[in-house]
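Take a look at the structure below.
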Amino acid sequence: MNEAVDRHRNAIPGVKEGESASMNYEMQVFISAGMPEGVLRHLFAQAMQFPQGKVRFVLRGFTPQQLGPLVSKLRGLFPDPYSDHIALEVDPNAFRTYKVEAVPVFLVKEQSKWFEVQGAQSLDAAKANVRNRSRKVVGELYAIAEPDILAVIEDRAKKFDWAPVLSRAQARMANNLKPGFDLPTANRTDTRYFTPTFTVPHDITAPSQAGQGETVLARGGQSFNLLDHTRLQVPVIVFDASDTRQVKMVRSWLMRPEYKDADLFVIGSDLTSRNAKTPLTTELGNAFKRPVYPWLAKLSERMGVDSVPSIVVQDGNRLRISSFDPENR
């Protein structure tokens, strides 16, 4: 429990011991549907006298599949069941943080700090008791009827058989990361250049700096050289991992200083991994000791690669694509 409390506090930037994430509220009231209905009716009626959004009623949880009936029961005790004036929330972390084990518990904020008083009393009385620093418990306390919903989830998670779920997830991941695009093997060694461009499909506008009218950023049909606005950070090597000749070439390239940081991409829709649950790219990454990614048709369109193995590097505002014939390496 202490770890959960610490996680809850640490997740709230700037919140100190004894403070709450609900910093806009002036008062938080920890309640349960197990309290006498008369007590709950009086508390809800009193909350209507406070400005909207200043009082929050907090529940520890609910019986699974029974949240709707619980909320309906409590809202039925509101002066107006359809009013949004009263905030009613399920927050098991708050119960854990403040170690609430019986209700009602009132947290009253004074000068950005929260002070606690326990026991059945009016909202005004709770504020007065905090102001006067009265005894911590000044009224009757009731057992919490609702389960800690986080405890319910944690218990179900412990008992759930995750193995089939993980197995299916691993199989899906392996399939999603499998190369699904093919390119022909280069039959000659050559170098060519490619300019990646983007054509604007329609006029793109933005509000003018003066806040009146619009400024046209780009006209429909206008083309831009993408390398005028971005860079290819490292060389890109594209190859067929099923071709041992190409694999050997790639290993030799990676030993050269200019290619030691290159990104590796593989083609081959027929390639399969040794383990159905392990992505082929993961197996290749382990073999090359660096990440390996699947090559996509869209990447060929954007970078002008039409055969493998190829090396793509940026040369000014163009891409230089070098293809190699594995037979004449």
Side-chain angles (χ1 to χ4, degrees), residues 1 4-5 8 18-110 113-155:
M1 178 184 291
V5 171
H8 175 63
E19 291 186 342
S20 166
S22 307
M23 301 304 291
N24 291 329
Y25 296 105
E26 294 179 356
M27 182 181 296
Q28 299 182 75
V29 188
F30 294 77
I31 62 170
S32 168
M35 292 169 55
E37 290 190 357
V39 174
L40 290 170
R41 285 184 186 275
H42 284 299
L43 291 175
F44 293 148
Q46 293 155 22
M48 295 293 291
Q49 307 307 313
F50 284 70
Q52 183 172 358
K54 295 302 180 182
V55 179
R56 177 172 87 138
F57 290 92
V58 190
L59 293 164
R60 185 174 68 176
F62 52 91
T63 302
Q65 282 85 49
Q66 295 298 314
L67 177 60
L70 174 62
V71 173
S72 296
K73 175 184 176 180
L74 292 173
R75 290 190 70 89
L77 302 177
F78 288 6
D80 178 2
Y82 303 101
S83 172
D84 293 326
H85 193 91
I86 299 174
L88 177 64
E89 300 177 1
V90 175
D91 190 349
N93 265 331
F95 272 76
R96 292 186 176 191
T97 298
Y98 295 104
K99 298 180 174 62
V100 176
E101 298 178 352
V103 290
V105 170
F106 301 82
L107 293 181
V108 180
K109 185 165 67 175
E110 285 190 355
K113 292 185 177 181
W114 293 98
F115 296 88
E116 178 181 335
V117 64
Q118 302 175 10
Q121 58 198 285
S122 68
L123 301 185
D124 287 334
K127 291 184 67 175
N129 286 324
V130 164
R131 188 168 53 251
N132 298 328
R133 302 296 186 265
S134 301
R135 290 179 298 115
K136 187 173 182 179
V137 180
V138 295
E140 188 171 357
L141 289 167
Y142 306 95
I144 303 170
E146 298 79 27
D148 181 333
I149 193 62
L150 280 182
V152 172
I153 295 171
E154 290 164 355
D155 183 61

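Along the sequence shown, the residues carry numbers beginning at 1.
- Nearest heavy-atom pair, Arg135 versus Val117, reported as atom, atom and distance to 0.1 Å: O-CG2, 4.0 Å.
- Nearest heavy-atom pair, Leu59 versus Ser32, reported as atom, atom and distance to 0.1 Å: CD2-CA, 4.1 Å.
- With rounding to the nearest 0.5 Å, the separation of CZ in Phe78 from CG in Leu43 is 11.0 Å.
- Ion pairing of Arg60 with Glu101 is absent here, as no side-chain N (NZ or NE/NH1/NH2) approaches a carboxylate O to less than 4.0 Å.
- Minimum heavy-atom separation, Phe44 to Leu74: CE1-O, 3.7 Å.
- Going from atom CG of Leu107 over to atom NZ of Lys113 covers 15.0 Å, rounded to the nearest 0.5 Å.
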Can Glu110 and Arg133 be said to form a salt bridge (Lys or Arg N to Asp or Glu O under 4.0 Å), step by step?
CA-CA 12 Å; Glu110 285 190 355; Arg133 302 296 186 265; 3.3 Å; yes
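- Although no hydrogens or angles enter the test, the distance criterion places a donor-acceptor pair under 3.5 Å between the side chain of Glu146 and the main chain of Ala33.
- Contact of the Lys73 side chain with the Glu37 side chain is registered, since non-hydrogen atoms from C-beta on lie closer than 4.5 Å.
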Where do Trp114 and Tyr25 land on the side chain to side chain contact (heavy atoms under 4.5 Å, CB included) test, with the steps shown first?
CA-CA 10 Å; Trp114 293 98; Tyr25 296 105; 4.3 Å; yes
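- In terms of heavy-atom proximity, Val58 sits nearest to Ala94 at CG1-CB, 4.5 Å.
- Here Phe30 and Phe106 keep their ring centres 6.0 angstrom or further from each other.
- From Asp124, atom CG reaches atom CD of Gln49 across 9.0 Å, with rounding to the nearest 0.5 Å.
- Listed here is the closest heavy atom pair of Met48 and Ser83: CE-OG, 4.0 Å.
- Taking CZ of Arg56 as the reference point, atom CE of Met27 lies at 13.5 Å (rounded to 0.5 Å).
- Remark: side-chain polar atoms of His85 are not paired, donor with acceptor, to backbone N or O of Asp80 under 3.5 angstrom.
- No more than 12 heavy atoms of other residues, nucleotides or ligands shown are found within 6.0 angstrom of NE2 on His42.
- Scanning both residues, Ile144 and Ala102, for their nearest heavy atoms gives CD1-N, 4.0 Å.
- For the 3.5 Å distance criterion, the side chains of Gln46 and Ser122 fail to qualify, holding no donor opposite an acceptor.
- Separating the CG atom in Asn93 from the CG atom in Asp148 is a distance of 8.5 Å, to the nearest 0.5 Å.
- At a threshold of 4.5 Å between non-hydrogen side-chain atoms, the residues Tyr98 and Val105 do not count as touching.
- At a threshold of 4.5 Å between non-hydrogen side-chain atoms, the residues Tyr142 and Pro104 count as touching.
- Here the CG-CG distance, from Leu88 to Leu70, works out to 7.5 Å after rounding to the nearest 0.5 Å.
- By the 4.5 Å heavy-atom criterion applied to side chains, Glu26 and Val55 are not counted as neighbours.
- No side-chain donor-acceptor contact under 3.5 Å links Asp155 to the backbone of Ala151.
- With hydrogens and angles left out, the side-chain atoms of Asn129 and Gln121 include a donor and acceptor closer than 3.5 Å.
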